[in-house]
Participant: 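The structure under discussion is supplied below as structure tokens; questions concerning it will follow.
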Amino acid sequence: MTYRLRLYITGRTSHSMRAIENLRDICEKELRGQFEVEVIDVLENPALAENEKILATPTLVKKLPEPVRKIIGDLSDRQKVLLGLDVFGPDKNND
């Protein structure tokens, strides 16, 4: 199963860069190569953010596997991110 993720940021702010680093760390340690990440700067692509109804940044959108989920913030709360990505569940290893 591949996780398809989009991270919406606003420019190269410290908050945006922290979200990118936190996401990279979570993906490498928890998803182990089973992910695709697209980083979208809303200053460069405002239409994409508008289509996704992004109201705050950084926002992580889990496109696949469904259901689609959104996580707002710099992704520093690892447990919240893992729950939002549905990494933990009955058929998933949550050691």
Side-chain angles (χ1 to χ4, degrees):
M1 165 173 40
T2 299
Y3 285 79
R4 186 163 300 144
L5 309 171
R6 275 191 180 164
L7 179 62
Y8 289 88
I9 60 169
T10 304
R12 295 284 180 192
T13 65
S14 60
H15 206 55
S16 294
M17 300 313 290
R18 191 165 41 250
I20 292 169
E21 289 300 317
N22 287 334
L23 179 59
R24 181 176 295 138
D25 185 60
I26 288 168
C27 286
E28 288 174 2
K29 291 180 179 169
E30 305 294 340
L31 303 180
R32 297 179 190 92
Q34 298 178 330
F35 62 92
E36 297 173 8
V37 174
E38 183 178 7
V39 178
I40 298 169
D41 188 334
V42 300
L43 297 175
E44 297 172 8
N45 294 301
L48 283 176
E50 188 175 323
N51 289 343
E52 287 277 352
K53 309 271 190 271
I54 302 300
L55 302 176
T57 60
T59 295
L60 177 64
V61 179
K62 180 186 77 150
K63 305 291 277 180
L64 290 173
E66 292 185 332
V68 172
R69 297 241 173 101
K70 294 180 183 176
I71 304 165
I72 299 170
D74 68 5
L75 311 177
S76 58
D77 185 340
R78 191 177 198 88
Q79 288 302 109
K80 176 182 167 188
V81 175
L82 293 175
L83 287 171
L85 293 176
D86 200 22
V87 172
F88 296 142
D91 60 343
K92 296 170 183 86
N93 184 1
N94 59 358
D95 293 328

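Computed from a predicted model, the values in this text were never measured in an experiment.
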Participant: Report yes or no: do I40 and I72 belong to one cluster of Ile/Leu/Val/Met/Phe/Trp/Tyr joined by side chain heavy-atom distances under 4.5 Å?
Facilitator: no
Participant: Using every non-hydrogen atom in the two residues, find where G84 and I71 come nearest and quote the distance to one decimal.
Facilitator: CA-CD1, 3.8 Å
Participant: K62 side chain to P67 main-chain N or O, any donor-acceptor pair under 3.5 Å?
Facilitator: yes
Participant: Any chance you could measure L31, atom CG, to M1, atom CE, to the nearest 0.5 Å?
Facilitator: 9.0 Å
Participant: Do Y8 and L43 sit in one hydrophobic cluster, given that two such residues count as connected whenever their side-chain heavy atoms are within less than 4.5 Å of each other, even indirectly?
Facilitator: no
Participant: Would you kindly confirm whether M17 and L7 end up in one hydrophobic cluster when ILVMFWY residues are joined by side chain heavy atoms under 4.5 Å apart?
Facilitator: yes
Participant: List in chain and number order the residues that pass salt bridge (charged side-chain N to carboxylate O under 4.0 Å, His left out) with D77, two or more places apart in sequence or in another chain; answer none if no residue qualifies.
Facilitator: none
Participant: Do L60 and L48 share a hydrophobic cluster, counting only Ile, Leu, Val, Met, Phe, Trp and Tyr and linking them when any side-chain heavy atoms are less than 4.5 Å apart?
Facilitator: no
Participant: Name all residues meeting the side-chain hydrogen bond (donor to acceptor under 3.5 Å, both in side chains) criterion together with E44; count only those two or more places apart in sequence or in a different chain, and write none if there are none.
Facilitator: none
Participant: If I compare all heavy atoms of L5 with all of L23, which pair ends up nearest, and what's the gap?
Facilitator: CD1-CD1, 4.1 Å
Participant: List the atom of S16, the atom of I9, and the distance in Å for their closest heavy-atom pair.
Facilitator: OG-CB, 3.5 Å
Participant: Flag yes if F35 and V39 sit in one hydrophobic cluster, no otherwise; membership is Ile, Leu, Val, Met, Phe, Trp, Tyr, and two members link when side-chain heavy atoms are under 4.5 Å apart.
Facilitator: yes
Participant: So which atom in I26 and which in L75 form the shortest heavy-atom distance, rounded to 0.1 Å?
Facilitator: CD1-O, 3.9 Å
Participant: Using a strict threshold of under 4.0 Å (side-chain N to carboxylate O), is an ion pair present between R18 and E21?
Facilitator: no
Participant: Hey, could you give me each pair passing salt bridge (charged side-chain N to carboxylate O under 4.0 Å, His left out) that has a residue in residues 49-58? Not counting sequence neighbours.
Facilitator: R6-E52, E52-K63
Participant: Ignoring hydrogens, what is the shortest heavy-atom contact between H15 and T57? Give both atom names and the distance.
Facilitator: CD2-O, 4.2 Å
Participant: Give the minimum heavy-atom separation between C27 and V37, together with the two atoms involved.
Facilitator: SG-CG2, 4.0 Å
Participant: Quick check for you: to the nearest 0.5 Å, what is the distance between L82 atom CG and Q79 atom CD?
Facilitator: 5.5 Å
Participant: Got more than 12 heavy atoms from elsewhere within 6.0 Å of CZ, R4?
Facilitator: no
